[in-house]
Amino acid sequence: MPLNYRLVFLSDIARIIFLPSFVVTVLLAGLSRFNVSDGASGFSYPQLCVIYALSVPSYWICDTLGKRWKAQFEAWRLNVGLIRSIHGKKIGNTDVLQRMAVSMQKEYAGGAIDELLDEAGSDTIQISILGNNKIFTRDPTLYRYVMADGFQNFGKGAGLAIRAATMYGSGVIWVDGPLWKFHRTLTTPYFTRGRLNDLQIFEKHSMALISRMKSLAEADQAMDVQDLIGRAFMDLSCEYVLGVPLDSINGLLPVAGESVLGFRGSRNPNATKSDSSGLTEAFEAGLINMGRRRAQGDFVWRALELFKDSQETPAKISDAWLDPIVDRAFEAKAKGEEVLDTVGPDAMPSHAQLGSMSYVRAVLNETLRLFPSLPIQEREALHSCVVPTREGSQYIPKGTTVILSTISIHRSQRLWGEDADVFEPQRWIDGGVKESDTSRFMPFLMGPRVCIGKDMALLQATFMMTRLMQHFSNFTLRQAESAPDGALPPASWKSASGRKREEEIWPRSALSMFSKSQSEPARNFDPRLIDMQRSLTVILTLFTVVALFFKDDIMLCLTRTLATRRFAHGAINLTAASMSSKAAGFYTLPELPYAYDLRIMTLQALEPHICKEIMELHHKKHHQAYVNGLNDAEKKYSQASLEEQLTLQAALKFNGGGHINHSLFWKNLAPSSENGGKLVEGNLKDAITRDFGSVDKFKESFNAKTAAIQGSGWGWLGFNPTTKKLEIVTTANQDPLLSHAPIIGIDIWEHAFYLQYRNVKPDYLKAIWNVVNFEEAEKRFADAVKAS
């Protein structure tokens, strides 16, 4: 559990004020003792007051300079650079702090960071604010290192956990290290493929949303789409995870012309805390407070809230709503034509149909690019480390806060071209951009902390968009005439640059992004009668922004409600029905692309280099055993208690790794008669020569390192996405290769060679190069380079 922020603040005060005073007292006593002066008695009372008063800023300055000199020395020792520092106009760079706080309230989401970086002429800068070093970046290379490649060196940090503690507890989103792994393990079963295969729950809440929107449209009422879809997503998530419906969609809604600005959008002034709107308001207040605390800086917000915790009231409201729901859960245990042509005007879409609508997915991706649900991410350096940036390798000291601007990367003209600010779904269809391109597209983050609810959020958005397009003809933005006062973008935006001057809504950020827009669906409900191509872009954009923004609020809700108050105390023991996974038994033994022996005339085989007996035993017995073990572990996991789930982790890792590694291994091989063992001229051969000197030297080094494995394991040729080089890596047992992109993998377990080569590993390793499928390796290498 994070420390109480008041205790942390008082300890900071003690360090900043009392420690310097103590040092001065000791120095004066020492001077008196050694007869250098009369100590404190040698100064008048006003002089002592001045000395003690000056000791505080002197200590602060020395502490700041000491940290800076230490960082400079470490960078010099490691022969790397330091990230460029900028300085404000006021002491402690408080003017920059004030600028960030004002920007959060009055400017475009992420705008202040872009302005700082543009003024500095760099994609990464650092600045010391009140003695705390912060790094701001929009460099995708550094972003990837912090989130994925150098994950072990960065975490959410104590500052973020303390900001969240009162309202959101200490669940999977806020913690680091073993506790994060523990919560992640507990949360994962909610998002298995088996549970996502059941579309009925999505259908139920999509139709509830559509019914409410139709009733408002028939009454010719403008509606707050953000509020409506947020309620629908909250209702679905509560029932999906807890099995208890919330039914906020039928609560008291904001009314056009009568609503007022809430924390993140419009609200009905007559709504009370007991109405479902109270829960929404509480979560919105919590997120706003989180964003404000980040902008103010840890020392300032802790001082301002020393006697009154701004999160206390929202937390009490959310507790009053969520505690009974959780208790009951425990007691219970695209183009328009594309949608219509694929699904029809009335039918519930299937998984296959949802996956086939490329234009709908393109709109989703483009919306997530321009409006990422988490526009700004924060990490803290848990260890001093050297990081890669566009300017080269640079040093980051332990304890440094790193602010990562996803929205800046997503809108960078250097990465996306001159039309980076333009909403253009076609860029995802023409083949120029792929979802897997994490060098510039990371809406759900990346690495081990990639959003655990990603698949659910995308499925929810796609499903509801499809259902809405079946029931509504178009959406018209009525922001100017219907939105509450203060919801429209400032007039000064019209003279701004980029997308900012085009916006009719006001994108804002408070941990997650949100909008104040409202829109009204047309009253003609027969989509077969009208052209929907233009209206689709409007509704899909609005819907995706709203649904995917609200997705993070739901995950915060689940973090506090489940992980913090239930999981952390081991009180949850979900029934098999609520946690059943239809994915059990999903994994199957893959077919070999070649025969076991040469007697099968329709296929070639790996003989004489790997004999029939080894192939049959290895494939039919050992790999099949891993598949069976994995399916069995998944089935048990989906029905297990918390304690049992923890004991199953080893089986999932071992059998899952065995299935992954062997599935890759079979493709890794090819008969000699089908070019097995032949490395032709190309990028892979050039890279091997560059990184190892020659192909022969590479094989020699690979065989030596792989043969040295103690016991069982795998030898790998992997592509390092950070260094952009090929490297030889070994893994123990059935651990898959996660640090590199696997290019070639060789099984060094005895069952892979003993029947033919006995205990002579070097002979096996020498022979297997005759059947390595270098064509497959060339493809993997090309994919790895492209994705890095």
Working for side-chain hydrogen bond (donor to acceptor under 3.5 Å, both in side chains), residues Q734 and W714: CA-CA 7 Å; Q734 291 297 349; W714 289 73; 2.9 Å; yes
What pair of heavy atoms forms the shortest contact from [X] to [Y], and how long is it?
X    : Y    : value
Q394 : E391 : NE2-CB, 3.9 Å
S405 : I376 : OG-CD1, 3.7 Å
L652 : Y637 : CD1-CD1, 3.6 Å
Y764 : D747 : OH-O, 2.7 Å
I743 : N668 : O-OD1, 3.8 Å
V695 : I688 : CA-CG2, 4.0 Å

Check whether any side-chain heavy atom of [X] lies under 4.5 Å from a side-chain heavy atom of [Y], and answer yes or no.
X    : Y    : result
E644 : K636 : no
I746 : F702 : yes
H740 : E727 : yes
L765 : F753 : no
L717 : F698 : yes
R379 : K156 : yes
W769 : F774 : yes
W428 : R361 : no

Closer than 3.5 angstrom, by distance alone: can the side chain of [X] be matched with the main-chain N or O of [Y] as a donor-acceptor pair?
X    : Y    : value
H410 : M442 : yes
D176 : G157 : yes
K761 : I709 : yes
N133 : T400 : no
Q756 : P608 : yes
D632 : N628 : no
N773 : E775 : yes
S672 : N770 : yes
Q377 : L404 : no

Test applied, side-chain hydrogen bond (donor to acceptor under 3.5 Å, both in side chains); reference residue, R138; option that passes from D123, T124, T406: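 Of D123, T124, T406, side-chain hydrogen bond (donor to acceptor under 3.5 Å, both in side chains) with R138 is met by D123 alone.
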Parallel, tilted or perpendicular: ring planes of W666 versus H662, cut at 30 and 60 degrees: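 Answer is tilted, since the angle falls between 30° and 60°.
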Point-to-point distance, once rounded to the nearest 0.5 Å, from [atom1] of [X] to [atom2] of [Y]:
X    : Y    : atom1 : atom2 : result
Y757 : H609 : OH    : NE2   : 7.5 Å
W716 : L664 : CH2   : CG    : 5.0 Å
L78  : F73  : CG    : CZ    : 9.0 Å
L737 : F719 : CG    : CZ    : 13.0 Å
E616 : I614 : CD    : CD1   : 11.5 Å
L142 : T137 : CG    : OG1   : 4.5 Å

More than 12 heavy atoms of other residues, nucleotides or ligands under 6.0 Å from [atom1] of [X]: is that the case?
X    : atom1 : value
K699 : NZ    : yes
N79  : CG    : no
K398 : NZ    : no

Are [X] and [Y] ion-paired here, with the side-chain N under 4.0 Å from a carboxylate O?
X    : Y    : result
R780 : E776 : yes
K724 : D691 : no
E700 : K697 : no
D783 : K779 : no

Steps toward side-chain contact (heavy atoms from CB on, under 4.5 Å) verdict (Y626, N661): CA-CA 10 Å; Y626 296 127; N661 291 346; over 6 Å; no
Criterion side-chain contact (heavy atoms from CB on, under 4.5 Å) on Y143 and L445, from CA distance to verdict: CA-CA 9 Å; Y143 189 108; L445 313 184; 3.6 Å; yes
Of T141, I396, I135, the residue whose pairing with V387 passes side chain to side chain contact (heavy atoms under 4.5 Å, CB included):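 Option passing the side chain to side chain contact (heavy atoms under 4.5 Å, CB included) with V387: I396.
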Test item: side-chain donor near acceptor, D139 and T389, under 3.5 Å: no
I610/H618 under side-chain contact (heavy atoms from CB on, under 4.5 Å): CA gap, chis, key distance, verdict: CA-CA 11 Å; I610 301 181; H618 200 172; over 6 Å; no
Trace of the ring-ring contact (aromatic ring centres under 6.0 Å, His included) decision for F665 with H623: CA-CA 11 Å; F665 181 62; H623 191 174; 9.7 Å; no
Worked check of side-chain contact (heavy atoms from CB on, under 4.5 Å) between L589 and H619: CA-CA 8 Å; L589 183 69; H619 183 247; 3.6 Å; yes
